[in-house]
2 protein chains.
Amino acid sequence: MEGKDNHELFACDHSARMTGDRRREVILETAFNLFSKRGFSGTTTKDIARSAGVSEATVFKHFSTKDELYAALLDVKKCSEGHHRFPWEENESLIKAMNSNDDYGVFYSFAIRALDKQQSDISFMRMLFFSALEEHEMADRFYTEFVAKIYDFLGAYVKKRQKDGAFRKVAPKIVVRAFLGMLIHHSLNNILWDKNRRVLDISNETAAKNFAEILLRGITLKAS
Amino acid sequence: MEGKDNHELFACDHSARMTGDRRREVILETAFNLFSKRGFSGTTTKDIARSAGVSEATVFKHFSTKDELYAALLDVKKCSEGHHRFPWEENESLIKAMNSNDDYGVFYSFAIRALDKQQSDISFMRMLFFSALEEHEMADRFYTEFVAKIYDFLGAYVKKRQKDGAFRKVAPKIVVRAFLGMLIHHSLNNILWDKNRRVLDISNETAAKNFAEILLRGITLKAS
DNA sequence: ATATGAAGTAAGTGCTTACTCACTTTTGAA
DNA sequence: TTCAAAAGTGAGTAAGCACTTACTTCATAT
């Protein structure tokens, strides 16, 4: 027993026939795992079929081409897995910190939420990078619909606090880029290069705390 | 006679017969461009041959397998293109700044050198990411032989300045990760997602200046 | 001049790829 | 119970893949 095949994870009887929609989901989830591991051109439809526990013909009954399967995957992953949710939605401590001008709270809450999410969805991160390198449209759409909004949101907060006289004058987008850089680069290190944490082994809490502190001290106007 | 002379002047005349070594170089360079654009499995040996202006058989006369070609590529790129040179070698302003404890100079010089290099060698950056995702050994080797050394080098400077009482107590490696995060993430944005600089359009000088300032203020102990 | 060996290739090889088709099995509403 | 529609597949196909073979072309040392 390989036990690795995806269909077994879904508590489904091999012999049982599924509804079309259910089978579709299983194939999509299986394909997602493979694409995120090996990229688009590194994954074959035969692999997908085998891992999903169906024949290749069944895969093509649900998705007329490999490209269509990939596209459907991007839609599902973008809409269904909480990635359309912005890091400030359902993040009460962030909202609360913002309303009370608790700058550290803002950056810490944002950071810990982002790091946790990235760590819990390594496949999605890998897929994002693969699609960016392979120049699939997903990368563009994700960037304009999701990342760009984060720049607006955090940037607006920075601008507000600059008006309050709390932050010094730095282009807000540069501040956001610096902060996202710390967070995303740290996750990327953990996912791609330093998997066994030889260079740096810290918890997400420690990372969030230190990054938030560095950024905050980096942009606050010290009252003297 | 005169016509023959012209042929010899153009090193890239595909119809002319080359020495084995020269042809090898041409094939390697061509393969590098294609692999960096489409990844390993997305590039065919036929493509490489066509782009290099030779037959597929010639490619296999020089490299017995596609994998061997890829491996040779990694060696060449690692050794010949200055990537084995660390950002502090041949960077006088960085060394000078370090010796005179000019903290801003240190981080600014490091940053501008890194950003310029990354921008001038987009193909190498793409290749690095492809090989990390595809889990080729290059990623590992590059990280342990190059990146880890940067952590040691910059980390040592931070530690020294902490002992001097100039920097506050933060784990030096976290400081390095934060700074490299800003730099690499910024380059990555420019290369992969925000190619036409819609979200943020700044010069390398501006980026280096702002990132260095943010980091430095983030870790200095303000004398009061 | 000519022999030698390296540079270079046309035309394959067998295998893999994405995708199709003719067909069987199962489901559920009437 | 009946049966149309849906789920599912074995056995393909043509094109594409990495790689090979048997051969030609050409520079150069003798």
Side-chain angles (χ1 to χ4, degrees), chain A residues 5-8 10 12-32 34-35 37-73 130 134 136, chain B residues 1 3-32 34-35 37-73 134 136:
Chain A
D5 287 350
N6 224 37
H7 61 285
E8 290 174 14
F10 287 85
C12 277
D13 188 353
H14 272 239
S15 58
R17 179 174 287 217
M18 292 181 186
T19 64
D21 285 353
R22 183 84 194 95
R23 182 67 77 196
R24 210 183 132 95
E25 282 171 34
V26 171
I27 293 171
L28 276 171
E29 193 59 29
T30 308
F32 172 66
L34 292 174
F35 282 140
K37 271 186 201 116
R38 313 205 264 260
F40 182 79
S41 53
T43 305
T44 69
T45 52
K46 196 173 204 161
D47 285 340
I48 294 168
R50 232 195 67 255
S51 285
V54 292
S55 69
E56 237 183 309
T58 298
V59 171
F60 282 99
K61 188 147 263 177
H62 286 280
F63 307 95
S64 62
T65 65
K66 191 185 171 187
D67 269 298
E68 197 192 293
L69 167 57
Y70 193 77
L73 197 48
F130 258 124
E134 289 171 337
H136 264 273
Chain B
M1 272 292 209
K4 285 252 169 191
D5 283 351
N6 271 344
H7 273 245
E8 283 165 21
L9 286 177
F10 292 110
C12 56
D13 184 351
H14 284 176
S15 61
R17 181 175 284 218
M18 292 180 185
T19 63
D21 285 353
R22 181 82 194 97
R23 181 67 78 195
R24 211 184 130 94
E25 282 170 34
V26 170
I27 292 170
L28 277 171
E29 194 57 32
T30 308
F32 174 65
L34 291 174
F35 281 140
K37 271 187 202 114
R38 314 207 263 260
F40 183 78
S41 54
T43 304
T44 69
T45 52
K46 196 173 206 163
D47 285 340
I48 294 169
R50 235 194 64 256
S51 287
V54 293
S55 69
E56 233 182 315
T58 297
V59 171
F60 283 100
K61 187 148 264 179
H62 287 279
F63 306 94
S64 63
T65 65
K66 188 184 171 187
D67 270 298
E68 197 192 292
L69 167 56
Y70 192 79
L73 197 49
E134 289 171 337
H136 266 273

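Values below: every heavy atom of this structure, side chains too, minus hydrogens, waters and symmetry copies. Here is the naming used below: chain letters follow the sequence lines, and residue numbers restart at 1 for every chain.
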Please produce a list of atom pairs where a protein N or O lies less than 3.5 Å from an N or O of nucleotides 9-13 of chain D.
| residue | atom | partner | partner atom | Å |
| --- | --- | --- | --- | --- |
| D:dT9 | OP2 | A:Ser55 | N | 3.0 |
| D:dT9 | OP2 | A:Ser55 | OG | 3.2 |
| D:dT9 | OP2 | A:Thr58 | OG1 | 2.6 |

With the criterion being N/O to N/O and under 3.5 Å, what pairs connect the protein with nucleotides 2-5 of chain C, and how long is each?
none

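Contact record, A:Leu73 with A:Leu28: CD1-O, 3.3 Å, taken as the closest heavy-atom pair.
As rounded to whole Å, 16 Å separates atom C1' of D:dA7 from atom CD of A:Glu25. One interatomic measurement links the two molecules: CD1 of B:Ile48 to P of D:dC19, which rounds to 10 Å at whole-angstrom precision. Rounded to an integer number of Å, the gap from NE2 of A:His62 to C1' of C:dT20 is 16 Å. As rounded to whole Å, 15 Å separates atom C1' of D:dA7 from atom CZ of A:Arg24. Regarding A:Asp21, its CG atom lies at a distance of 12 Å from the P atom of D:dA6, rounded to whole Å. With rounding to whole Å, A:Arg50 atom CZ is found 19 Å from D:dG8 atom P. Between B:Met18 atom CE and D:dC26 atom C1' there is a gap of 15 Å when expressed in whole angstrom units. If you take CD of A:Glu68 and C1' of C:dC19, they are 13 Å apart, rounded to a whole angstrom.
Here the nucleotide nearest the side chain of B:Thr44, chosen from C:dT17, D:dA18, C:dG8, is D:dA18. Checking D:dG8, D:dA18, C:dA18 against every side-chain atom of B:Phe60, the shortest atom distance belongs to D:dA18.
Residues satisfying the side-chain hydrogen bond (donor to acceptor under 3.5 Å, both in side chains) test with A:Arg24, not counting sequence neighbours, are none. Take A:Ser55 and apply the side-chain hydrogen bond (donor to acceptor under 3.5 Å, both in side chains) test, not counting sequence neighbours, and it matches A:Thr58. Applying the side-chain hydrogen bond (donor to acceptor under 3.5 Å, both in side chains) criterion to B:Thr19, with sequence neighbours excluded, gives no partner residue. Partners of B:Phe40 under the ring pair (Phe, Tyr, Trp, His ring centres under 6.0 Å) rule, at least two apart in sequence or in another chain, are B:Phe35, B:Tyr70, B:His136. Residues satisfying the salt bridge (Lys or Arg N to Asp or Glu O under 4.0 Å) test with B:Glu25, not counting sequence neighbours, are B:Arg22. Every residue was checked against the side-chain hydrogen bond (donor to acceptor under 3.5 Å, both in side chains) condition with B:Glu134, not counting sequence neighbours, and none meets it. With sequence neighbours excluded, no residue forms a salt bridge (Lys or Arg N to Asp or Glu O under 4.0 Å) with A:Asp67.
Within the nucleic acid shown, A:Ser41 has no heavy atom closer than 4.0 Å to any nucleic acid atom.
The phosphate of D:dA7 has neither OP1 nor OP2 within less than 4.0 Å of any side-chain N or O from A:Arg23.
Results of the side chain to side chain donor-acceptor pair (under 3.5 Å) test with A:Arg38 over A:Thr44, A:Thr43, A:Asp47 single out A:Asp47 as the only residue that passes.
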